[in-house]
> 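Structure in structure tokens, see below.
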2 protein chains.
Amino acid sequence: MMAAEKSGGRIPTIKDVAKAAGVSQATVSYVLNNLNKVSPEVDAHVRRVAHELGYSRNRAARALKTGRNNVIGCIMPSLLSPVFPEIAQAVQQRAEEHGFATFVIDSGLQTAAREAEAIRVLADHGVDGAIAVLGSPRPASDRPTLPLVVVDQPMDGMDAVYADHREGGRLLAEYAVGLGHRRVGLLSGLQGLYSSRERREGFVEAARGRLDIAWNVEVPLVPSLPQEAVDALRRGDVSLVVCVNDLIAMLALSALRQARVRVPEDVSVMGFDDMQWSSWPLLNLTTVRQPLGRLGRDAVDLLVRRLDAPDAEITNIILPVSLIERGST
Amino acid sequence: MMAAEKSGGRIPTIKDVAKAAGVSQATVSYVLNNLNKVSPEVDAHVRRVAHELGYSRNRAARALKTGRNNVIGCIMPSLLSPVFPEIAQAVQQRAEEHGFATFVIDSGLQTAAREAEAIRVLADHGVDGAIAVLGSPRPASDRPTLPLVVVDQPMDGMDAVYADHREGGRLLAEYAVGLGHRRVGLLSGLQGLYSSRERREGFVEAARGRLDIAWNVEVPLVPSLPQEAVDALRRGDVSLVVCVNDLIAMLALSALRQARVRVPEDVSVMGFDDMQWSSWPLLNLTTVRQPLGRLGRDAVDLLVRRLDAPDAEITNIILPVSLIERGST
DNA sequence: CGATTTGGTTTAAACGTGTAAATCGACCCT
DNA sequence: AGGGTCGATTTACACGTTTAAACCAAATCG
């Protein structure tokens with residue numbers, strides 16, 4: 001009742017507020033942008049009138065003028081894996097602290113084309129920048145015109161933040177040796193992905209001469225194991241299975257369960273990521289933790305910095321990882 | 001090289017294109033909006049020039065004129081539970097088919113305030129409408145000025161699409177009776193939530209006189225079980241535990257595992273949702289499937305219909321559910 | 001053959017905002 | 001008292017589009 005109605009149901013503009021308050025549009029604009037250019041009494045009055053009218057600034061118009069939308073994008077290859085939502089959540093929270101809203105986009109798994117598309121859509125829809133977990137090595141520089149912070153891998157000419165995957169692989173190997181394992185199997189990720197490659201190489205390097213890698217199956221990102229992997233697990237010729245990430249570890253646990261192989265009595269399993277569920281008793285997964293929250297937060301900080309200073313020098317942030325011992329080993 | 005540069009590095013506007021093509025802005029606009037108002041040869045020429053210049057329409061400006069942003073919001077109480085991402089993914093895909101981009105927002109679990117905030121943010125940021133899974137019963141009608149389609153529950157005066165939760169509860173009860181269970185425990189959801197309430201009531205109604213409900217613990221949405229629930233599970237005085245959703249079923253399985261209770265030998269477990277993981281051997285959960293994908297798709301269809309016809313009559317879509325038998329019973 | 005239609009194109013006015021520059025008073029100083 | 005300062009406010013233009021209305025030639029018609 002008190003609000004709206006005044007101008008015949010139309011949505012109020014700055015002009016309406018100005019008229020109602022008996023000042024100019026500029027004054028209203030100054031007030032609402034918190035530039036303290038106006039006297040306290042006028043300020044208060046304008047604010048009251050604006051509130052009474054239920055006025056809110058039109059984003060399109062202000063974006064048009066300022067070239068800023070205060071929206072950032074967050075491109076994730078999937079929301080179905082639990083890892084990415086954890087990052088996305090951190091991104092969103094930090095972005096909000098900076099006054100940005102977050103636009104989460106699921107770019108899907110068939111990397112190259114859809115990622116470029118996602119970037120294009122974001123740019124078309126006027127976001128200020130984006131943080132992205134990319135599958136493809138290069139971001140199809142078709143439209144380089146969108147400030148991007150890459151997460152989970154370094155990339156030429158771009159800000160990036162990622163965990164020390166190689167060190168994580170090393171930690172897993174050291175721990176396995178310490179536990180007295182000798183023959184191990186690897187469920188590695190697609191070697192086209194930086195993180196998968198690094199993790200595997202870190203492990204293999206540290207394992208050299210101390211662990212026998214009986215087999216090594218490359219598992220794609222889809223949430224099911226290839227038959228080859230299932231066969232390998234069934235073979236029972238290793239005392240430890242090292243997985244490129246917790247999701248695959250979970251699939252491995254599933255497959256082992258189905259094959260009636262006990263964990264950790266018959267075989268041990270290790271993962272990577274320490275996603276939220278890994279600590280649950282049902283999984284209870286020994287794993288390498290990468291600080292997913294910090295990954296997202298640091299990425300946002302980096303992006304905001306870049307938006308403020310487009311010519312700042314490129315920054316790479318490498319985050320530490322740590323081994324989490326649980327019941328699967 | 002061929003692109004840009006021409007106007008000194010500045011990002012090209014419609015004016016630049018017009019000048020370069022030797023026509024008026026209006027003509028360019030007509031061409032690029034696919035209104036066929038211009039002759040084929042001019043059309044082709046304008047397109048070529050626009051492409052050469054690397055021109056793309058400025059969203060802020062066109063939003064300013066048209067009042068349409070071609071963006072919809074998708075408000076989810078969490079992305080960490082696997083159910084919501086499944087819906088969100090469906091929403092995004094369908095929205096894209098309609099030419100809308102999707103803005104996923106994690107409203108968090110502490111319902112009321114943050115949901116209103118999410119709606120406000122979306123409205124402020126100029127989305128055309130939103131589809132929302134709400135925790136609170138009423139959407140804080142502070143700012144009703146955003147077309148909303150509610151998912152997972154009906155709501156006065158709004159389009160909604162949701163599964164037949166009550167029928168789902170009934171199915172669970174029938175199935176339990178058929179299996180010969182007698183004493184059951186309930187891990188129900190917050191009774192403030194429509195879906196939780198309906199599921200429980202459907203079950204209780206159909207169970208009346210045929211099943212004894214030994215206990216009933218209300219579990220909040222956080223991903224851990226309250227002590228009371230764990231104690232009840234440990235008591236071992238029931239042959240079946242019925243959970244309000246698969247995530248809680250998963251927690252229950254975890255707790256049972258920790259207590260060294262075997263499933264389904266010692267006790268059976270049933271869930272609700274049929275989220276992606278429930279079919280995995282590790283869980284292998286008997287559950288009621290609600291068509292998560294259709295939920296999202298229908299919601300989007302409803303929303304675009306409303307955007308095109310703001311005065312269309314309110315529609316409620318109720319989707320069927322079905323029982324999925326697996327190994328946990 | 002002049003008047004009317006028609007299709008293609010342009011002109012020009014919005015859309016709602018931000019902000020530099022101009023304006024306006026009130027106040028101070030010599 | 002008159003010129004100068006300074007702070008508060010307004011004027012007025014720009015941002016990049018869309019689109020109704022005007023325009024103009026060429027084709028059509030009575």
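Numbered from 1 within each chain, the chains take letters A, B, ... in sequence-line order. As a basis for the values below, the full set of heavy atoms in this structure was taken, side chains included, without hydrogen atoms, waters or symmetry mates.
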> Between A/Asp301 and A/His98, is the side chain to side chain contact (heavy atoms under 4.5 Å, CB included) condition met? List the steps.
CA-CA 9 Å; A/Asp301 291 345; A/His98 282 290; 3.0 Å; yes
> Considering non-hydrogen atoms only, spot the tightest contact between A/Thr27 and A/Val42 and give its length.
CG2-CG1, 4.0 Å
> Could you work out, with side chain to side chain contact (heavy atoms under 4.5 Å, CB included) as the rule, every residue matching B/Leu307, not counting sequence neighbours?
B/Arg68, B/Phe100, B/Asp128, B/Pro147, B/Leu303
> What residues, two or more places apart in sequence or in another chain, satisfy side chain to side chain contact (heavy atoms under 4.5 Å, CB included) together with B/Gln89?
A/Leu80, A/Asp106, B/Gln93
> Could you run through nucleotides 9-19 of chain C and give me one letter per nucleotide, 5' to 3': B if any protein heavy atom sits under 4.0 Å from the base, S if only the sugar-phosphate is that close, - if neither?
BBB--BBBBBB
> Work out which heavy atom in A/Glu115 is nearest to a heavy atom in A/Ser107; give both atom names and the distance.
CG-OG, 3.9 Å
